[in-house]
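In what follows, chains carry the letters A, B, and so on, assigned in the order in which the sequence lines appear, proteins first and then strands, with residues in each chain numbered from 1. In this text the structure is predicted, and so the values were computed from the model without any measurement.
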Amino acid sequence: MSLRTDITRAIADARDRAVASGALTIPGGAPLPAIGLERPAQPEHGDWASNAAMQLAPVARSAPMRIAETLVANLEAPPSVADVAIAPPGFLNIRLDPAWVAAQVGPIREAGEAYGRNLVETPRRINVEFVSANPTGPLHIGNARGAFVGDVLSRVLTAAGHAVTREYYFNDFGGQVKALGASVRALRAGDPIPEDGYRGEYVKEMVASVPDEVVRAAEAATGDEVDWVYGRWASEVQRLGIEQSLAALGVGFDVWKTESSIHDEGWVSRGVERLREAGYVFENEGATWFRATSFGEDQDRVINRSNGQPTYFAADIGYVSEKFSRGFDELIYVWGENHHGAVARLVHAAEALGHDPDAVRILLYSWVRFVREGEAVSMSKRSGEFIGLDDLMREVGADAVRWFFSSRAFTSGIDFDLELAKKQSSENPVYYVQYAHARASSILRNAAEGGTPPDAGRTGELLAHPAELELIRHLLDFPDTVAIAAERRETHEVPRYAYELASAFSAFYRDCKVLTDDASLSSARLALVDATRAVLANALDLLGISAPDSM
RNA sequence: GCCCCCGUAGCUCAGCGGAUCAGAGCGAGGGACUUCUAAUCCCUAGGUCGCAGGUUCGAAUCCUGCCGGGGGCGCCA
């Protein structure tokens, strides 16, 4: 499937043969360690290197160098491999056959958009829920990270071959909706906004456009219901705005789910009933509780409050059932780390409902600290003090923002300096990658005008320059990059890869003139340019970033 | 008090199921444009990988303790 898996498998086979023939003994039948394979930094260490012998040393109770020799003696190398050298303290340094490498241009080019796709042997049905910001105001820059982490992760999982459903969950049921409604009511009446109300400009804008039927419904209502009437209307307005903002960012969703629908369709009551039958629910002090302590948590969790209102957790119980009922193999939740406290109870509730707890994966991304000229910018919808996501995209640019968020591990807390981002916008590495794509496109255009067609038929013999081979080796890395990112549910390796590919292409451009008097060589190099252009486009597509034909 | 992330070059961050890892981008200094796109390329500078122990033949990477930053520990979401 990929070079990495080919070579790894060959080493594993060599090990197994050695064990079968008695050349390698594993005392006590100890479990075999995984075979590590990496791209060495120094070229003299080959194209790939494996630490398999050193990993095996403790379980085989033998010297790494001797094991390495045994592995090499039993190795049936794939055609891609030219030779395998042993280096102290026991590395296998693997060198690829340059002619084989050069001959891969054709297959990569033919695969085109399909290259680096459908890599997994067993596709899974995966639900990715992300953003899920409350519909109490516009998206602000605090929501940006979740949006791009979820979006890029979904793209990578899809590319790897999984069936991904992207989902947004609207909390339209909780007290924050009532608080939003109370703010609208207060502003309309000229009263002060309640303590827990919302103070943003957008609330005032909404107040100016409350439809007549909403006003009539509110006038007909009594007590708290007045706030709910305004709140339901206002949250629906915000919800539409959020959908538009996300669409403008290129962040798409397949399913928009509301908390109220989870309640209305009975998922919550049925879920709680199932938990009750399983013995995980009890009543105490007028409230209904989930016995989280059965799963090692330090306290039990309230499902229904003593005032009769369900908690957010109640909806989570219903929602997790509802999601599994749609046949997903895995549920991914992209949450901000402030939800850390809710992780254990959700996983345990899923387990108590009879689901595989490992199928519920919660990815917590760390907070972004937004800084403007050294000062932290506070972000609060209630105070109305925040920077809109739409504003950020206008200020800094969508491609630069996407690159910024997708090139960092989501577990790292990061600083986002708004002034610096604007200043460095033109220096952003994303443009470097796009530029490489534009440059490749330009060469292909020139060739087409000059009547030189790309031809990958003889690249195996015609392409041998170090810069050519290095570029092709990078192209060959793409499927592994996608597969590893998908497997780890970590996508920040993709921008890094894209940058390195662009860099290898720049070196090639510097060292190898594509359009020359030698028609055969030109055609072969054009095929390489075309393959590179396609892979750059594929990598950028994984990030949701455009691949321009000219800049 | 307990739990979870994080601490690596001036800045922003990779690397962290050990070895063949001291890395990238930006910034700083120097150089290359009658070009298949200079939004590019080449060179230079720089870090006791927070601190202290431990495990190991070998630790940025694993363990323990401290220090520092962030986030949790609600009948809030």
* Asked: For A/R61, does the CZ atom sit with more than 12 other heavy atoms under 6.0 Å from it, leaving out its own atoms?
  -> no
* Structure fact -> For nucleotides 41-46 of chain B, 5' to 3', base contacts (B), sugar-phosphate-only contacts (S) and non-contacts (-) with protein non-hydrogen atoms under 4.0 Å give SS----
Does [X] reach a base, just sugar-phosphate, or nothing at all? Heavy atoms under 4.0 Å.
X: A/N51; value: nothing
X: A/D196; value: nothing
X: A/Q176; value: sugar-phosphate
X: A/P429; value: sugar-phosphate
X: A/E38; value: sugar-phosphate
X: A/A409; value: sugar-phosphate
X: A/S442; value: base
X: A/E500; value: nothing
X: A/D316; value: nothing
X: A/H492; value: sugar-phosphate
X: A/S550; value: base

* To do: Verify the contact: side-chain N or O of A/S407 to OP1 or OP2 of B/A14, cut-off strictly under 4.0 Å; return yes or no.
  => no
* Asked: Within less than 4.0 Å of OP1 or OP2 of B/G74, is there a side-chain N or O belonging to A/Q299?
  -> yes
* **Stretch residues 303-312 of chain A: residues that reach within less than 4.0 Å of RNA chain B through a heavy atom** => A/R305, A/S306, A/Y312
Does any nucleotide pair with [N] by Watson-Crick or G-U wobble geometry, both distances under 3.5 Å, and what is it?
N: B/G17; value: none
N: B/G65; value: B/C51
N: B/A60; value: none
N: B/G10; value: B/C26
N: B/U40; value: B/A32

* Distance in angstrom units between A/H340 NE2 and B/C2 C1', rounded -> 11 Å
* Structure fact -> When rounded to whole Å, the CG to C1' distance for the pair A/D511 and B/C36 reads 14 Å
* Structure fact -> Of the listed B/A14, B/A19, B/C75, the closest approach to the A/W289 side chain comes from B/C75
